[in-house]
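Worksheet for the structure shown next.
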There are 2 protein chains.
Amino acid sequence: MRRMTARPANSHQARLLRLLRDGGPNSRAQLGDQVDLSRSKLAVEVDRLLETGLVVADGLAASRGGRRSHNVRLHPELRFLGVDIGATSVDVAVTNAELEILGHINQPLDVREGPVAVFEHVLSMTAKLRASGLADGFDGAGIGVPGPVRFPEGVPVAPPIMPGWDGFPVREALSQELGCPVMVDNDVNLMALGEQHAGVARTVADFLCVKIGTGIGCGIVVGGAVYRGTTGSAGDIGHIQAVPDGRPCACGNRGCLEAHFSGAALARDAVEAARQGLSPELAHRLEANGALSAVDVAAAAAAGDATALELIREGGRSTGQVIAGLVSFFNPGLVVIGGGVTGLGHNLLAAIRTQVYRQSLPLATGNLPIVLGELGPTAGVIGAARLISDHLFSPA
Amino acid sequence: MRRMTARPANSHQARLLRLLRDGGPNSRAQLGDQVDLSRSKLAVEVDRLLETGLVVADGLAASRGGRRSHNVRLHPELRFLGVDIGATSVDVAVTNAELEILGHINQPLDVREGPVAVFEHVLSMTAKLRASGLADGFDGAGIGVPGPVRFPEGVPVAPPIMPGWDGFPVREALSQELGCPVMVDNDVNLMALGEQHAGVARTVADFLCVKIGTGIGCGIVVGGAVYRGTTGSAGDIGHIQAVPDGRPCACGNRGCLEAHFSGAALARDAVEAARQGLSPELAHRLEANGALSAVDVAAAAAAGDATALELIREGGRSTGQVIAGLVSFFNPGLVVIGGGVTGLGHNLLAAIRTQVYRQSLPLATGNLPIVLGELGPTAGVIGAARLISDHLFSPA
DNA sequence: GAGGCTTTGTCCACTCAGTGGAGAAAGTCG
DNA sequence: CGACTTTCTCCACTGAGTGGACAAAGCCTC
């Protein structure tokens with residue numbers, strides 16, 4: 001394989017590349033239906049893309065009632081790397097130019113081990129994917145980290161849960177290691193991008209994507225583009241007050257959403273309930289594993305454990321309380337709920353919905369779907385691939 | 001005078017018109033410094049604008065060390081009308097093409113009288129302005145209403161405080177009466193536009209503009225453009241819960257921000273305090289006027305009345321509580337506080353700041369100014385003029 | 001006030017993006 | 001096989017935009 005280095009020379013070419021990425025192989029004629037260019041001009045730009053090698057001929061298409069058209073597609077050997085670093089695990093995936101996942105590895109890993117250790121893992125996972133023959137190099141990589149990022153530079157800033165990463169030049173370091181362009185973003189933003197690209201948010205311009213994992217964050221999409229805020233911390237809703245004078249939070253305040261509901265908080269509350277003898281189901285599981293997680297709570301609730309169910313409902317209420325405010329403020333066209341805790345499924349969703357529909361303005365909730373993400377654990381890596389492909393498929 | 005009907009023919013002309021609007025009279029050479037066009041092309045576009053009559057010659061500029069340049073400016077007879085309909089009063093102003101206010105009238109008026117009655121007032125105020133010789137017609141008008149608007153059509157939707165207006169074709173009706181293009185928006189959005197154009201937010205891309213008047217709303221500016229949400233209700237923060245299990249609100253919930261702090265709530269609390277004998281100052285003023293408003297509370301606080309001061313602080317805390325959440329979520333570069341209640345001045349601002357800086361994330365508040373609006377009651381009408389001029393100064 | 005330098009404005013030949021029509025090539029359908 | 005449709009290519013033409021040459025009009029110094 002040989003790596004592609006060319007970039008689209010103008011906005012038309014960029015547009016065409018994205019159409020081929022999102023729509024798959026396509027004929028000149030079909031592309032022409034979508035781009036508002038004369039056939040002549042379109043042919044010229046496609047020919048130029050063929051010259052660069054970004055696009056290749058792909059045989060003849062079926063006839064639409066006349067001469068059969070010559071299909072073109074993105075180069076089949078293009079490869080993107082998507083990396084999603086969570087608080088407690090890492091996902092690495094290889095995609096083709098159409099952002100289809102060709103291979104995907106997940107590994108538990110504590111982000112607090114610091115950038116150097118984490119990078120070692122990421123690189124060894126990458127090596128494994130390469131060794132399996134899916135790629136012998138990458139044309140671009142996207143990487144998500146669980147904290148705020150100064151987006152233009154690709155550097156984490158003051159990340160609360162990953163202190164050692166502050167100012168670490170993630171973009172530069174990874175770019176050097178992989179020998180390809182790299183873009184860095186918050187993991188929540190990448191989840192939103194993923195759901196927008198291939199999930200439930202495909203047709204919505206303005207939406208929120210709430211990720212409930214170890215912590216809680218919210219991806220904000222405005223007019224189809226991720227909004228990152230002035231310092232890159234937009235969507236950091238974990239420390240919005242959900243319960244006045246509530247539980248103390250690591251941030252120093254009380255009643256933060258994250259202190260009341262998140263993977264960590266739920267595990268803590270479950271252990272507490274088990275110890276207090278409130279839930280035989282949870283106690284049983286605690287004894288078996290020595291620890292509890294959202295999965296245990298979900299299983300207990302499914303088994304009819306009232307305490308577990310109440311924990312989920314209570315968390316949904318807190319989350320819904322905060323989301324209700326955001327919905328009134330932002331008036332989104334869709335709210336996506338994702339992250340590890342979504343294993344709690346319908347019970348959680350129902351509690352959130354109830355709270356939001358009760359508290360937000362009717363005009364804002366009137367036609368507002370609140371749904372679970374569709375892509376599960378792959379949303380992040382797809383979003384990462386989408387991030388870098390958006391970058392590469394834009395005029396140089 | 002004769003009205004201008006031409007529109008810019010392309011994006012260059014639109015750009016030039018906006019530069020002349022925001023920078024005043026300017027020479028071709030100076031314009032060239034700002035637009036990244038060759039002098040030849042620039043001259044062609046300026047000549048075309050001169051032909052349309054949108055732009056006129058304006059004498060010679062001072063020398064910059066060589067040949068003196070010929071200035072051009074927007075046609076001096078262009079007139080925009082800015083209308084700001086509040087809950088309890090109406091502002092109407094005439095501006096020139098540079099959006100400088102040439103005349104401004106304010107009149108108390110209850111918006112609940114309905115669109116027909118309000119329009120009658122607006123038109124008679126407009127007639128007064130025309131009679132004073134400031135304009136004999138308008139090239140465009142912007143109008144703000146205190147409720148959500150379906151922006152593309154210029155029609156209020158389900159406005160809680162102005163029930164009779166639901167679905168009333170404001171844009172069409174006013175356009176017909178005035179014989180010029182009209183754009184309609186939420187009054188809060190227009191305040192944000194005004195502060196962006198000529199006030200404190202001139203250089204900020206992403207900011208929030210919180211307007212505390214009879215109700216409370218928030219203008220959202222993303223990347224320099226007003227964000228309106230999916231159904232036009234974005235920024236409607238008056239019914240976000242500020243105090244759990246707090247005061248009952250007209251919307252049916254409890255503890256809404258508006259129920260705890262707004263012009264209406266403050267007046268209610270002040271009367272209550274006066275009646276309970278907690279505040280001699282307020283009681284005195286209540287007896288004198290038969291009613292109390294934010295102005296009275298401000299005066300009482302300034303006179304050292306502890307109860308009045310506490311009312312302000314308490315309101316600031318509630319408001320700050322909600323803003324803190326929005327700041328964490330939105331990560332703005334600036335928060336502007338405006339509206340009638342800003343007469344409460346520094347005490348209010350200090351309470352809001354304290355609460356926000358305490359509750360929001362350090363990264364989001366680190367370099368975040370929270371300031372009072374600069375334009376006071378003229379922000380709305382300037383924003384209205386800006387709205388229509390943005391529309392007219394964009395390619396047809 | 002003459003001469004040199006700078007800035008501004010005008011003119012013009014040239015490049016290149018993009019259009020739209022003509023017509024060839026390659027299909028389908030009856 | 002002929003009529004019709006769709007796709008692709010070719011080409012003349014338009015119009016946007018560039019950049020250089022040059023004239024006009026200012027400043028400054030000697």
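The chains referred to below are lettered A, B, ... by the order of the sequence lines, with proteins before strands, and numbering in each begins at 1.
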Salt bridge flag under 4.0 Å for residues A/Arg79 and A/Asp136: no
Between C/dG9 (P) and B/Asn71 (CG): distance, integer Å: 9 Å
Whole-Å distance separating the CG atom of B/Leu42 from the P atom of C/dG9: 9 Å
Atom-pair distance (CG on A/Asp47; C1' on D/dC8), nearest Å: 10 Å
Nearest-0.5 Å distance, CZ of residue B/Arg21 to OG1 of residue B/Thr95: 10.0 Å
Atom-to-atom span, CG of A/Leu60 to P of C/dA25 - whole angstrom: 16 Å
Atom-pair distance (CG on B/Leu31; P on C/dT7), nearest Å: 17 Å
Side-chain donor-acceptor pair present, A/Asn367, B/Thr231, cut-off under 3.5 Å: no
Note: B/Arg386-B/Asp22 ion pair, threshold 4.0 Å (strictly below): no
Side chain of A/Ala43 (C-beta onward), nearest among D/dT9, C/dT10, D/dA23: D/dT9
Output field: ring centroids A/Phe330/B/Phe330 closer than 6.0 Å: no
B/Glu45 versus B/Asn10, side-chain donor and acceptor atoms under 3.5 Å: yes
d(CZ, B/Arg64; P, D/dC27) in whole Å: 14 Å
Taking only nitrogen or oxygen atoms into account, show me every contact under 3.5 Å that the protein makes with nucleotides 10-17 of chain D, one pair per line with its distance.
{"unit_1": "D/dG17", "atom_1": "OP1", "unit_2": "B/His12", "atom_2": "NE2", "d": "2.9"}
{"unit_1": "D/dG17", "atom_1": "OP2", "unit_2": "B/His12", "atom_2": "NE2", "d": "3.4"}
{"unit_1": "D/dG17", "atom_1": "OP2", "unit_2": "B/Lys41", "atom_2": "NZ", "d": "2.8"}

Donor-acceptor pair under 3.5 Å, A/Arg67 side chain vs D/dT7 base: yes
